[in-house]
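Taking it in order: structure first as structure tokens, then the write-up.
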Amino acid sequence: MARRSLKYNAAVLSITGFLVKAIGFFYRIFIANCIGAEGLGLYQLIVPIYSLLVLVLSAGISVAVSRFVAEETSSGRIRAGMKIASLAAGVVLVTGVVVSLILILNVDTMLLAFAKDLRARRSLLWMLALVPPIAAASAYKGYFYGKEQVIPNAIGQVAEQLSKLAFVVVMHPHFVNKGIESMCLLATLGLMVGECVNVFCVFCAFQYEKFKNRARPEREIRTRTLAKKLVRTALPISANRLVLSVLGTVESLIIPQRLTLSGLTFQESLEVLGRLNGMAAPLVFFPSMLPMALATALVPAIAGAVSSGRYAVANRQISQSIRLTLTMGLVFTAFFAICSHEIAEFIYPGKDVGHILHLLSYTGVFLYLQQTMLGILNGLARESAILCNTLTGSIVRILLVWFCLPIWGTDAYIVGVIAGSLITIILNFLEISRITGMSIDIGEWFIKPLAATLAGALLSLLIKRIPGLWGGAGRQQLLIPMVISFAVIVVVFMVTGVIRSEDIRRWTRRNHAALY
């Protein structure tokens with residue numbers, strides 16, 4: 001598989017992200033309508049624990065493998081890159097087994113201390129048992145990203161979502177009418193089946209790469225030398241993810257507890273958590289496939305440009321990625337804010353998600369931009385800055401949630417997300433500017449997109465208020481204004497020149513050319 005350009009990789013990852021998110025939507029809708037807000041709330045209590053373990057075990061390894069494989073591949077040492085990936089996978093697998101065994105032996109204590117609901121016990125046991133192989137697969141994913149071959153990981157992600165959806169649809173009759181605990185287990189098993197299928201696809205692709213290059217003559221690199229390189233790079237990144245994941249897990253666990261102080265029962269607070277993180281958040285995060293694709297593709301691209309002294313190329317990549325993320329983020333922020341009720345009722349009818357979705361919509365652009373900047377700083381090897389900056393933003397966010405949630409309710413969560421993300425973004429850009437000398441392009445990054453956002457939002461609201469314009473019955477009454485509003489916003493962005501035709505061609509064209 002030939003190496004591809006940043007544009008090609010970002011385009012493939014974006015398309016894959018769209019497919020993954022689209023299939024994931026059907027999964028979310030099916031699960032939400034089966035188990036309801038309380039069931040999703042119970043599920044959301046344990047998913048952060050699982051995510052915390054996988055991220056801590058795999059985050060540093062994945063980035064380190066991606067970076068070292070990019071370096072070895074550019075020097076023609078293909079088998080050295082494979083050895084790095086295999087070594088990293090082994091280290092993560094062994095570490096994961098030890099950590100999972102310790103937690104399995106203390107699962108009741110952990111649930112009582114954090115989730116405060118033993119109904120999630122069986123679900124958490126399944127998650128803990130499968131953490132080691134799922135985390136270890138991140139090394140193989142990092143290998144393909146380092147070689148700038150995104151197809152194996154893309155296939156794995158699509159297969160994961162398809163298998164997860166198929167599993168819950170087929171197995172649903174065996175779990176229905178057996179209580180919240182049983183339905184939470186169904187969602188958990190669906191998640192685990194999908195993850196295992198992803199691991200299998202990526203592992204098979206890696207074994208094929210090893211078979212294809214088995215006879216390649218190459219000087220062997222000592223395992224001890226490779227291990228030292230991995231540890232030196234992976235530990236700071238894993239420490240970063242550990243701190244941030246712990247804070248994220250703490251946030252998810254304290255939301256229902258703090259909501260009870262506002263007058264809600266624990267069951268009602270679980271329902272709010274289910275609507276917030278289980279229903280509204282996936283909608284807002286749906287467009288994040290582009291910044292996530294950029295963040296992944298930027299690590300080897302920027303690392304390669306900087307290591308070869310091509311700082312002008314790196315700056316152009318960074319500037320273009322920030323502008324594209326801001327443009328995309330504002331388009332979807334306007335769309336979700338204007339059509340929050342229609343979107344919520346179309347996807348989750350009768351679940352009362354519209355108000356929460358409207359509030360959460362204003363966080364989208366900040367979260368997307370934060371994701372892109374994470375990829376930029378990883379490419380610049382600034383893991384310590386990522387840790388300090390994101391930690392600062394996360395602490396502000398948790399403090400606002402802790403002190404204001406009992407007073408303002410879910411509004412406090414939205415304020416916390418925006419304030420924390422904004423602080424992180426500012427600190428991240430200051431770090432990027434210090435290293436690269438880049439300055440803010442106020443006109444292209446902010447003024448023009450904001451003007452287009454306000455114009456598109458205002459025009460969409462005026463059109464929505466035209467009496468008798470929306471015909472049809474049932475869900476068609478919801479779908480038509482959604483489609484027209486989104487089209488109006490996009491057209492305004494194109495007419496004002498914020499979205500240019502060359503941007504669309506640049507980021508959707510699949511070619512083998514260099515970035516510039």
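Since the structure is predicted, the reported quantities are computational estimates derived from the model, not experimental observations. When reading the values below, keep in mind they use all heavy atoms of this one structure, side chains included, and skip hydrogens, waters and symmetry mates.
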Query raised in the report: Looking at CG of Leu189 and CZ of Phe167, how far apart are the two atoms once the value is rounded to the nearest 0.5 Å?
Result: 4.5 Å
Report task. Without swapping roles, check the side chain of Ser62 against the backbone of Ser58 for a donor-acceptor pair under 3.5 Å. Result -> no
Report task. Would you mind reporting whether Val272 and Pro256 have side-chain heavy atoms less than 4.5 Å apart? Result -> no
Query raised in the report: Which distance, rounded to the nearest 0.5 Å, do you find between the CE of Met494 and the CD1 of Ile489?
Result: 14.5 Å
Query raised in the report: Roughly how far apart are Ser269 OG and Leu276 CG, rounded to 0.5 Å?
Result: 12.0 Å
Query raised in the report: Can you tell if the side chain of Ile134 reaches within under 4.5 Å of the side chain of Val131, non-hydrogen atoms only?
Result: no
Query raised in the report: Does His358 use its side chain to pair, donor to acceptor, with the backbone of Ala337 at less than 3.5 Å?
Result: yes
Query - Which atom of Asp108 lies closest to which atom of Arg121, heavy atoms considered - result: OD1-NE, 2.6 Å
Query raised in the report: Less than 4.5 Å apart, any side-chain heavy atom of His172 and any of Leu186?
Result: yes
Query - Rounded distance (nearest 0.5 Å) linking atom CG of Asn198 with atom CD of Gln161 - result: 9.0 Å
Query raised in the report: Just checking, is any N or O donor in the side chain of Thr325 or Thr372 under 3.5 Å from an acceptor N or O on the other one?
Result: yes
Query raised in the report: Okay, side chain of Asn153, backbone of Lys141: is any donor-acceptor separation there less than 3.5 Å?
Result: yes
Query raised in the report: For the side chain of Ser123 and the backbone of Thr188, is there at least one donor-acceptor N/O pair under 3.5 Å apart?
Result: no
Report task. Please answer whether the main-chain N or O of Leu360 pairs with a side-chain N or O of Thr363 as donor and acceptor at a distance below 3.5 Å. Result -> yes
Requested in this report: Please report the shortest heavy-atom distance between Leu357 and Ser340, naming the atom on each side.
Outcome: CD2-O, 3.5 Å
**Report entry** Closest non-hydrogen atom pair between Val401 and Tyr413, with its separation
**Finding:** CG2-CD1, 4.1 Å
Query raised in the report: Do side-chain atoms of Ser485 reach the backbone of Met482 as a donor and acceptor pair under 3.5 angstrom?
Result: no
Query - ring-ring contact (aromatic ring centres under 6.0 Å, His included): pairs with one or both residues in residues 177-206, sequence neighbours excluded - result: Tyr140-Phe203, Tyr140-Phe206, Tyr143-Phe206
Requested in this report: Taking all non-hydrogen atoms of both residues into account, name the closest pair between Phe336 and Val284 and its distance.
Outcome: CE1-CA, 3.9 Å
**Report entry** Closest non-hydrogen atom pair, Leu283 against Tyr348
**Finding:** CD1-CE1, 3.8 Å
Query raised in the report: Any side-chain heavy atom of Lys164 within less than 4.5 Å of one from Glu195?
Result: no
Report summary line: Shortest non-hydrogen pair, Pro481 vs Glu342, comes out as CG-CG, 4.2 Å
Query raised in the report: To the nearest 0.5 Å, what is the distance between CD1 (Ile49) and OG (Ser51)?
Result: 10.0 Å
Query - Pairwise distance CD1(Ile61) to OG1(Thr95) - rounded to 0.5 angstrom - result: 8.0 Å
Report task. Give a yes or no answer on whether the side chain of Ser182 reaches the backbone of Phe175 with a donor-acceptor pair at less than 3.5 Å. Result -> yes
**Report entry** Any residue meeting side chain to side chain contact (heavy atoms under 4.5 Å, CB included) with Ala129, in chain and number order, not counting sequence neighbours
**Finding:** none
Report task. Using atom types as modelled and distance alone, determine if a side-chain donor or acceptor of Ser163 lies under 3.5 Å from a backbone N or O of Glu160. Result -> yes
Query raised in the report: Just wondering, do Ser138 and Leu57 contact through their side chains at under 4.5 Å, heavy atoms?
Result: no
